[in-house]
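These notes are about the structure you will find just below.
Everything numeric in this text was worked out from a predicted model, so none of it was measured.
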2 protein chains.
Amino acid sequence: MSEISTNFTERTIEYEQLLLDFKVLLKNNNLKFTIQREVILECLYNSDEHLTPESLHNILQNKYPDLKIGIATVYRTLSLLEDSKIVTSLSFGAQGKKYELGAKDHHDHLICTECGDITEFVDDQIEKKQHQIADKLGFKMLDHSMQIYGICQSCQQK
Amino acid sequence: MSEISTNFTERTIEYEQLLLDFKVLLKNNNLKFTIQREVILECLYNSDEHLTPESLHNILQNKYPDLKIGIATVYRTLSLLEDSKIVTSLSFGAQGKKYELGAKDHHDHLICTECGDITEFVDDQIEKKQHQIADKLGFKMLDHSMQIYGICQSCQQK
DNA sequence: TCTTTTTTTGAAATATATTATCATTATCGC
DNA sequence: GCGATAATGATAATATATTTCAAAAAAAGA
Ligand SMILES: [Mn+2]
Ligand SMILES: [Mn+2]
Ligand SMILES: [Zn+2]
Ligand SMILES: [Zn+2]
């Protein structure tokens, strides 16, 4: 596969660090670093969207047509990245999970039920309260997810 | 279908009211009141669990074998009840939605990632904060869902 | 570098969840 | 009861996700 140019759009220090961490993680688990795994990570890094496995696959097929990346590899890699806490997934509404890079700071989601648009937010007070609730109920809290559904500003004007 | 005895386990005032409301809703929308719709509502009312369409279908087939209720009807009725805000659904982890009667007061969920057990809770402070966040971001809030994931007390002891 | 071992890949088959189609049956106002 | 309309169950179709497997690629070692 050495003839395929990856032609990365952006390679910030932050991304380089992420990639390095990923390589270390792979090595520690006797896994191999492949061009497929790299382009998936890179694509997640350069996307602001919340991507489905399907949409990620489409993007990759357009961007790297010679790679002929398979949908199974996208699913496998997203699972690996999620297990490794590098990406997080979001499942709401009807069908399918959506993935985003977890390297950005934790946040919750405001989802417009009209247009599907997603706004991100964090509230420290809520975050703290969640821990308190889990403690009180004898739960060892690992994670949480919270979605607020409503009509966004632009959809209200229609 | 008049030969089928429904043999309801419990018929509280609360349930009678729920049923009445459901009948009004159906009439207002030119929909018909059927025995299938009634037993699905009744089953949801008498269950403490968070039911999948599949598990609800199994329960109904055991309880009313002569009805030979179809899985498609279960899906259709759950969608209708959800659209009508009579039941709410919960989708987390991998596969499938889980439904519960929304007539009980609103609450959020603590989910054990080991055994799948679900604990319900409400926190007024968080509820209030969610509205404030939506307001601040110009969102007309309609609903929300929040899940805390962790290890329950009994799973921690194993 | 060449060789060997091990992992990963894409394609296709399979599994699972959900929805659509359609002929038949039930509901309900008259 | 009659007729108009809606709902049903069986089945097919679709969408989503996972498994299988032979071929290819990556890492390790010589
Ligand atoms: Mn997000
Ligand atoms: Mn609940
Ligand atoms: Zn919107
Ligand atoms: Zn548990």
Mind calculating the distance between CG (A/Leu26) and P (D/dA28) to the nearest angstrom?
12 Å
Check whether any side-chain N or O of B/Ser55 sits under 3.5 Å from a backbone N or O of B/Leu51 as a donor-acceptor pair, and report yes or no.
no
Rounded to whole Å, please give me the gap between CD in A/Glu54 and C1' in D/dT18.
15 Å
Any side-chain N or O of A/Tyr75 under 4.0 Å from OP1/OP2 of D/dA17?
yes
Measure the distance from CD1 on A/Ile69 to P on C/dT8 and round it to the nearest whole Å.
14 Å
Looking at every strand, decide which applies to B/Leu31 at a 4.0 Å heavy-atom threshold: base, sugar-phosphate, or nothing.
sugar-phosphate
When you measure from the side chain of B/Asn29 to the backbone N and O of B/Leu31, does any donor-acceptor pair fall under 3.5 Å?
no
Want to settle it: does B/Thr34 or B/Ala72 sit nearer the 5' end of DNA chain C, counting the closest nucleotide to each?
B/Ala72
Protein-nucleotide distance (A/Ile71, atom CD1; D/dT18, atom C1'), rounded to Å:
12 Å
Whole Å only: how far is the CG atom of A/Leu78 from the P atom of C/dT9?
12 Å
For the side chain of B/Arg37, starting at C-beta, report the closest nucleotide among D/dA7, D/dG9, D/dT5.
D/dA7
To the nearest 0.5 Å, what is the distance between CG (A/Leu142) and CD1 (B/Ile151)?
4.5 Å
Can you tell me if B/Lys27 touches the phosphate of C/dG29, counting only side-chain N or O atoms and a distance under 4.0 Å to OP1 or OP2?
yes
Just compare D/dA4, D/dG9, C/dT18 and give me whichever is closest to any side-chain atom of B/Lys97.
C/dT18
If I take atom NZ in residue B/Lys23 and atom P in nucleotide C/dC28, what distance separates them, rounded to the nearest angstrom?
9 Å
With side-chain contact (heavy atoms from CB on, under 4.5 Å) as the criterion, how do B/Leu44 and B/Leu81 come out once you've worked through the C-alpha distance, each side chain's angles and the decisive distance to 0.1 Å?
CA-CA 11 Å; B/Leu44 285 162; B/Leu81 290 169; 3.8 Å; yes
Starting at CG of A/Asp66 and ending at C1' of C/dT9, how long is that distance when rounded to a whole Å?
16 Å
Closest nucleotide of DNA chain D for A/Lys32 versus for B/Asn30: which of these residues is on the 5' side?
B/Asn30
Taking only N and O in the side chain of A/Gln36, is any of them less than 4.0 Å away from OP1 or OP2 of D/dA25?
no
Is a salt bridge present between A/Lys158 and A/Glu114, judged by a nitrogen-to-oxygen distance below 4.0 Å?
no
Please determine if a side-chain N or O atom of A/Thr52 lies less than 4.0 Å away from the OP1 or OP2 oxygen of D/dT16.
no
Interatomic distance, A/Leu80 CG vs D/dA17 C1' [rounded to whole Å]
17 Å
Please classify the nucleic acid contact of B/Arg76 as base, sugar-phosphate, or nothing, using heavy-atom distances under 4.0 Å.
base
